[in-house]
Amino acid sequence: MSVAEAFKRLGPVRARTWALLALLAVAALVLLAPGVRTSDVRSETEARLERVLSEVEGAGRVKVMVFEGTDGQTGVLVVAEGARDVSVRLRLQKAVQTVLGIDNARIDVSPMEEAAGGA
């Protein structure tokens with residue numbers, strides 16, 4: 001007997017009740033399961049990107065933030081000392097695109113604010 005047939009035999013109210021219970025059980029398992037959380041993974045991704053991107057010629061210091069929206073789409077903000085130079089900005093954007101496999105439109109590379117008294 002298939003799952004669909006089993007639900008038909010239970011009737012509409014009981015089938016919905018069982019479906020809701022199953023959904024709640026899965027949600028509880030996901031929330032209570034041990035392991036790495038999304039924020040931990042994102043933080044590690046940010047740290048790794050910062051290390052790699054700071055090695056790009058002309059990039060200087062680099063800060064990275066990775067965002068994940070409710071629809072699962074990822075966006076990345078890169079702030080780099082050398083991003084005022086268009087060629088550096090394009091290299092940083094291409095590197096993020098290659099590493100994360102996301103569309104260019106979801107990557108913003110901005111120049112880092114200069115420290116007071118800087119050049």
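Please read these numbers as outputs of a predicted model, since none were measured by experiment. The chain is numbered in sequence order, starting from 1.
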Walk me through whether Val62 and Val79 qualify under side-chain contact (heavy atoms from CB on, under 4.5 Å). CA-CA 6 Å; Val62 176; Val79 180; over 6 Å; no
Would you indicate whether the side-chain heavy atoms of Phe67 and Leu77 approach each other to under 4.5 Å?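 The answer is yes; the side chains approach within 4.5 Å.
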Taking the side chain as C-beta and beyond, is there a heavy-atom pair between Val64 and Leu53 under 4.5 Å?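 When only atoms from C-beta onward are counted, Leu53 and Val64 do touch, with a gap below 4.5 Å.
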Enumerate, atom names and distances included, each donor-acceptor pair closer than 3.5 Å involving a side-chain atom of residues 94-105, sequence neighbours excluded.
residue	atom	partner	partner atom	Å
Thr98	OG1	Lys94	O	2.9
Asp103	OD2	Ala105	N	3.0

With sequence neighbours excluded, residues passing salt bridge (charged side-chain N to carboxylate O under 4.0 Å, His left out) with Arg106: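 Testing Arg106 for salt bridge (charged side-chain N to carboxylate O under 4.0 Å, His left out), a comparison that skips the adjacent residues, returns none.
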List in chain and number order the residues that pass side chain to side chain donor-acceptor pair (under 3.5 Å) with Ser110, two or more places apart in sequence or in another chain; answer none if no residue qualifies.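 Ser110: side chain to side chain donor-acceptor pair (under 3.5 Å) contacts with Asp108.
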Any donor-acceptor pair under 3.5 Å from Glu50 side chain to Lys63 backbone: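 No; zero donor-acceptor contacts below 3.5 Å.
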Using a 4.5 Å cut-off between side-chain heavy atoms of Ile, Leu, Val, Met, Phe, Trp and Tyr, which other residues end up in the same hydrophobic cluster as Val52?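 The other cluster members (ILVMFWY side chains, heavy atoms under 4.5 Å, direct or chained): none.
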Can you give each donor-acceptor pair under 3.5 Å made by side-chain atoms of residues 80-88, sequence neighbours left out, with the distance rounded to 0.1 Å?
residue	atom	partner	partner atom	Å
Glu81	OE1	Arg61	N	2.7
Glu81	OE2	Arg61	NE	3.0
Arg84	NH1	Met112	O	3.1
Asp85	OD1	Ser87	N	2.8
Asp85	OD1	Ser87	OG	2.7

Within this structure, what is the CD1-CD distance for the pair Ile107 and Gln93, rounded to the nearest 0.5 Å?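 The CD atom of Gln93 is 5.5 Å from CD1 of Ile107, to the nearest 0.5 Å.
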